[in-house]
Novice: 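Just passing along the structure, written as structure tokens.
By convention in this document, chain letters (A, B, ...) are assigned in the order of the sequence lines, proteins followed by strands, and residues within each chain are numbered from 1.
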Protein chains: 2
Amino acid sequence: MLSVQEIGKRARQAAYPLANASTAIKNQALDAMADALESNKDRILSANTNDINDAKARGIGTAMLDRLSLNDKRIAQMADGLRMVRDLSDPVGEVVSMWKRPNGLLIGQQRVPLGVIGIIYEARPNVTADAVGLCLKTGNAVILRGGSEAINSNKAIVDILAKAATQVGIPENSIQLIEDTDRQSAVDMMKLHGYIDVLIPRGGAGLIRTVVENATVPTIETGVGNCHVYVDGDADINMATDIIVNAKTSRPAVCNAAETLLVDKAIAEAFLPVALPALEQKNVELRGCKVTCSIYPSCKAATEEDWATEYLDYILAVKVVDGIDQAIEHVNKYGTKHSEAIVTNDYQHAQRFLQEVDAAAVYVNASTRFTDGGEFGFGAEIGISTQKLHARGPMGLKELTTIKYIIYGNGQIRA
Amino acid sequence: MLSVQEIGKRARQAAYPLANASTAIKNQALDAMADALESNKDRILSANTNDINDAKARGIGTAMLDRLSLNDKRIAQMADGLRMVRDLSDPVGEVVSMWKRPNGLLIGQQRVPLGVIGIIYEARPNVTADAVGLCLKTGNAVILRGGSEAINSNKAIVDILAKAATQVGIPENSIQLIEDTDRQSAVDMMKLHGYIDVLIPRGGAGLIRTVVENATVPTIETGVGNCHVYVDGDADINMATDIIVNAKTSRPAVCNAAETLLVDKAIAEAFLPVALPALEQKNVELRGCKVTCSIYPSCKAATEEDWATEYLDYILAVKVVDGIDQAIEHVNKYGTKHSEAIVTNDYQHAQRFLQEVDAAAVYVNASTRFTDGGEFGFGAEIGISTQKLHARGPMGLKELTTIKYIIYGNGQIRA
């Protein structure tokens, strides 16, 4: 097995020719990769069966098993995902702006690949194909480090994708998997300074924390979402109910799902008896502040910890606040700067919420669930950044590039 | 003295109201700060005298003493720098792009402050005023941690600037200095995850390495520049000589100065006997490869280490290469991705160098010394990024902002 260091070195070498690969070659590779996934379906499913059996033997839960399982349909979706990325326009090479200085220098900002992207992720093997497709389209070499549960599936998928890509002319080692899945290999990867240009961890709060504490390479933190919906004093009660039900229950396990409902005290008595039963009907457990529990006694009492918790489950914290100031204060104190929504018909409150809430995506009268590369119109995404450096919110193809200054002179020297 | 943690907490609190401060208030503060520097000149000079005396007592070298020293002119320059930043346009609030989705959601990318910026820097006290001005203009709270040599000057300058700013309505604690200058305070600062949004170290390779190894906050690496000038086979010999002399000698101690000259073997015998004496006349010590030394025997022999060294001094490594392929390979192997130049009259070589060299700024027929916020037309800069995340090359006001998605809906929920 190659050392993590050696994998880094090879990726760095591959990155230079790959950065200059033409869009035509990259698209051809995406096509070939999609076809290869489909024609090697049996090999992938057989590797996946090994993972499933190992997981069952270790007594892994059904939710995790479902994330791990591949089938004909999921493999077809992976292939279609690659074809979709093929059809997106290639951001590499675009000159974003160019200007002439008084001394005649022509200075342009050109979009170029980041170089080598590292991705650490957990159980889902379909992330493997998605990540490889996005990195390849943007001319980046990729080093993948998936979870131990999916190692057989990942090995098969990466081997199939890498071979298909090199066969059409993509440099060797542009797509590599770290096959060692113990914790040390992940930590070694986080320290590949000089080899990895950007590390993107995709996973829960524990993974993100490990990366923050150990990484020496530049990192984009993704995904932790303690998101709020604030129902303002003159909100439309039906709209607000629809939005909180959607934000909480349409997919509770994802990062853009709502975790806390804040309600202006001016509307609490009218709104809570409508919204909370609708949530309970969807099996949501409610944990309310004192005022909430007094208005709607079937709530459990919330603790301080509830305001800070990303449940990723059918649980919702509910708090009645003293208007928009307290709502914004609460969001900025407990939120994780992911997605935040206000439901209101008050123009000034809408504008204040948009300006004063510190988050990647701030909504007026819409569900937090829209924070997603597809929903934003990016065609695809590699993750959702919750930090402020480089990219914020859904990261599409452009966010996998950086810029380089290209400067045309005719002999200029500096005075 | 406040703990580093407490300073972080206070900065975080200040950042929210500061992010929403109007351009008018921020400009008024910049004005007041400039005036305050001038009217408190004697206090600053007296603090600076203490620093100078301490430095002399410790036997610090003259170059360092010069960097540390303030005088009437330098204080006037600091004040003028603040007034210049006042006159730059405020990037905060700009909606970079906005689009409508098929479901009616109106999604905009709005430029917002990063929040809290940390800056670690070394001896020069004038960096203090520059950094404060740029952070204030962009609505960012700033935590400064200067070198121990300048601590008295920095305390005086920060106290004067912070008071002037708060007097016109800038939130308390928007501008703070870590007064403890032992190594631990810097390391503590690098670990202010949750309080500092971006840390910008300004200094030598040692500082950058310490930050890379210790920081848990997002960091922008700046400044290390092992820059090359490559003289291609059909370069204009006079232009190439002017450019290498300028790139090496106009200010050898800065990061955009050239450290290695690469010469195509096709032009070496004609070019080196013109260029190398011109460099020697400027007191440059030459360290050449075998071929260089055979053509120009007064060169010392270069070692492998020379190719990787940022001298920041009147020393230049010189290597004859086998054409543009080897030149690009050498630059990508030994360069620090800062500034790289080709001198050529070959159109295809010019385009290849621009595309294939991996650096923040790549020049055709111009000196590497232009990599600078002022020279690029940004009006000012906080440093030069040599990493690929967020910002690359000179960082002006825009690079001190991030974006936030603002989304206007009318009840949209996700299917």
Side-chain angles (χ1 to χ4, degrees), chain A residues 16 19-20 99 101 105 107 110 112 114-115 193 197-198 212-213 216 218-221 236 239 242-243 245-247 250 332 350 354-356 358-367 369-371 375-377 387-390 392-393 402-415, chain B residues 15-16 19-20 99 101 105 107 112 114-115 193 197-198 212-213 216 218-221 236 239 242-243 245-247 250 332 350 354-356 358-367 369-371 375-377 387-390 392-393 402-415:
Chain A
Y16 290 119
N20 291 291
W99 61 96
R101 294 290 301 156
L105 281 182
I107 302 180
Q110 186 175 41
V112 296
L114 285 163
H193 196 259
D197 292 292
V198 180
V212 164
E213 279 164 13
T216 61
T219 296
I220 297 182
E221 291 173 49
D236 176 305
M239 184 196 285
D242 288 348
I243 286 174
V245 168
N246 183 263
S250 60
N332 283 341
L354 287 174
Q355 295 310 307
E356 295 178 29
D358 183 23
V362 190
Y363 293 83
V364 177
N365 295 342
S367 169
R369 291 274 293 109
F370 287 105
T371 305
E375 295 295 330
F376 272 31
Q387 75 179 38
K388 294 179 177 178
L389 215 60
H390 190 72
R392 210 173 178 198
T402 182
I403 64 99
K404 161 204 268 185
Y405 286 98
I406 54 173
I407 301 130
Y408 294 91
N410 47 19
Q412 282 84 351
I413 58 174
R414 188 160 168 193
Chain B
Y16 289 120
N20 291 293
W99 60 95
R101 294 290 300 155
L105 281 182
I107 302 180
V112 296
L114 284 163
H193 195 260
D197 292 292
V198 179
V212 164
E213 279 163 15
T216 61
T219 297
I220 297 183
E221 290 173 50
D236 177 305
M239 184 195 285
D242 288 348
I243 286 175
V245 169
N246 183 262
S250 61
N332 283 340
L354 287 173
Q355 294 311 304
E356 295 178 28
D358 184 23
V362 190
Y363 294 83
V364 177
N365 295 343
S367 169
R369 290 274 293 111
F370 287 106
T371 305
E375 294 295 330
F376 273 31
Q387 74 177 40
K388 296 178 175 178
L389 214 60
H390 190 73
R392 213 173 175 197
T402 182
I403 64 99
K404 162 205 265 186
Y405 286 98
I406 53 173
I407 301 130
Y408 294 90
N410 47 21
Q412 282 83 352
I413 58 173
R414 188 160 168 194

Novice: Look at B:Arg414, B:Lys404, B:His390 and state which one has the largest set of heavy-atom pairs under 4.5 Å with chain A.
Specialist: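 Maximum pair count with chain A is reached by B:Arg414.
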Novice: Report which part of A:Ala361 has an atom under 4.5 Å of a heavy atom belonging to chain B: side chain, backbone, both, or neither.
Specialist: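 For A:Ala361, heavy atoms of backbone and side chain both lie under 4.5 Å from chain B.
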Novice: Select one option (side chain, backbone, both, neither) describing which atoms of A:Tyr363 are under 4.5 Å from chain B's heavy atoms.
Specialist: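 It is both, since atoms from each part get that close.
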Novice: Counting heavy-atom pairs closer than 4.5 Å to chain B, which one of A:Gln387, A:Arg392, A:Glu213, A:Met239 comes out on top?
Specialist: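 Result: the option with the highest number of such pairs is A:Arg392.
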Novice: Would you name the heavy atoms of B:Gly115 and B:Ala15 that are closest together and state the gap between them?
Specialist: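 That would be O-CB, 3.7 Å.
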Novice: Let me know if A:Ile406 has heavy atoms under 4.5 Å from chain B in its side chain, its backbone, both or neither.
Specialist: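 Contact with chain B involves both backbone and side-chain atoms of A:Ile406.
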Novice: So which part of A:Arg101 gets closer than 4.5 Å to some heavy atom of chain B, the side chain, the backbone, both or neither?
Specialist: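 For A:Arg101, the side chain is the part near chain B, not the backbone.
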Novice: Regarding A:Arg369 and A:Ser250, is there a side-chain donor-to-acceptor distance under 3.5 Å anywhere?
Specialist: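 A pair is found: one side chain offers a donor N or O, the other an acceptor, under 3.5 Å apart.
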Novice: Side chain, backbone, both or neither: which part of A:Glu356 has a heavy atom under 4.5 Å from chain B?
Specialist: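 Contact with chain B involves both backbone and side-chain atoms of A:Glu356.
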Novice: Chain B heavy atoms under 4.5 Å from A:Gln110: which part of the residue, side chain, backbone, both or neither?
Specialist: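 Contact with chain B is through the side chain of A:Gln110 alone.
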Novice: Counting only non-hydrogen atoms closer than 4.5 Å, does A:Asn332 touch chain B with its backbone (N, CA, C, O), its side chain (CB onward), both, or neither?
Specialist: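 A:Asn332 touches chain B through backbone and side-chain heavy atoms alike.
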Novice: Where on A:Val112 is there a heavy atom nearer than 4.5 Å to chain B: the side chain, the backbone, both, or neither?
Specialist: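 Side chain only.
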Novice: Is B:Ala247 in contact with chain A via its backbone, its side chain, both, or neither, using a 4.5 Å heavy-atom distance?
Specialist: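 Neither part, no heavy atoms under 4.5 Å.
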Novice: Decide yes or no for A:Glu375 and B:Gln412: does some side-chain heavy atom of the first lie under 4.5 Å from some side-chain heavy atom of the second?
Specialist: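 No, their side chains stay 4.5 Å or more apart.
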Novice: Highest number of heavy-atom pairs under 4.5 Å with chain B: which of A:Pro218, A:Gly409, A:Ser367, A:Ala415?
Specialist: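 Between A:Pro218, A:Gly409, A:Ser367, A:Ala415, the count favours A:Gly409.
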Novice: Quick check for you: among A:Asp358, A:Leu105, A:Asn246, A:Asp236, which has the greatest number of heavy-atom pairs under 4.5 Å with chain B?
Specialist: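 Highest number of pairs under 4.5 Å: A:Asn246.
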Novice: If every non-hydrogen atom of B:Gly393 is compared with every non-hydrogen atom of B:Ala360, which pair is closest and at what distance?
Specialist: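 Reported closest heavy-atom pair: N-CB, 3.6 Å.
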Novice: Rounded to the nearest 0.5 Å, how far apart are CZ of B:Phe370 and CD1 of A:Ile413?
Specialist: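 Answer rounded to 0.5 Å: 7.5 Å.
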Novice: With respect to chain A, which residue among B:Thr402, B:Asp197, B:Ile407, B:Asn365 yields the maximal number of heavy-atom pairs within a distance under 4.5 Å?
Specialist: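 Between B:Thr402, B:Asp197, B:Ile407, B:Asn365, the count favours B:Ile407.
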Novice: Among the options A:Leu389, A:Val364, A:Val245, pick out the one with the most heavy-atom pairs lying under 4.5 Å from chain B.
Specialist: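 Ranked by heavy-atom pairs under 4.5 Å with chain B, first place is A:Leu389.
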Novice: Highest number of heavy-atom pairs under 4.5 Å with chain B: which of A:Thr371, A:Thr216, A:Ile220?
Specialist: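 Of the candidates given, the most pairs with chain B belong to A:Thr216.
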Novice: Is it the side chain or the backbone of B:Tyr16 that comes within 4.5 Å of chain A heavy atoms, both, or neither?
Specialist: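 Interface part for B:Tyr16: side chain.
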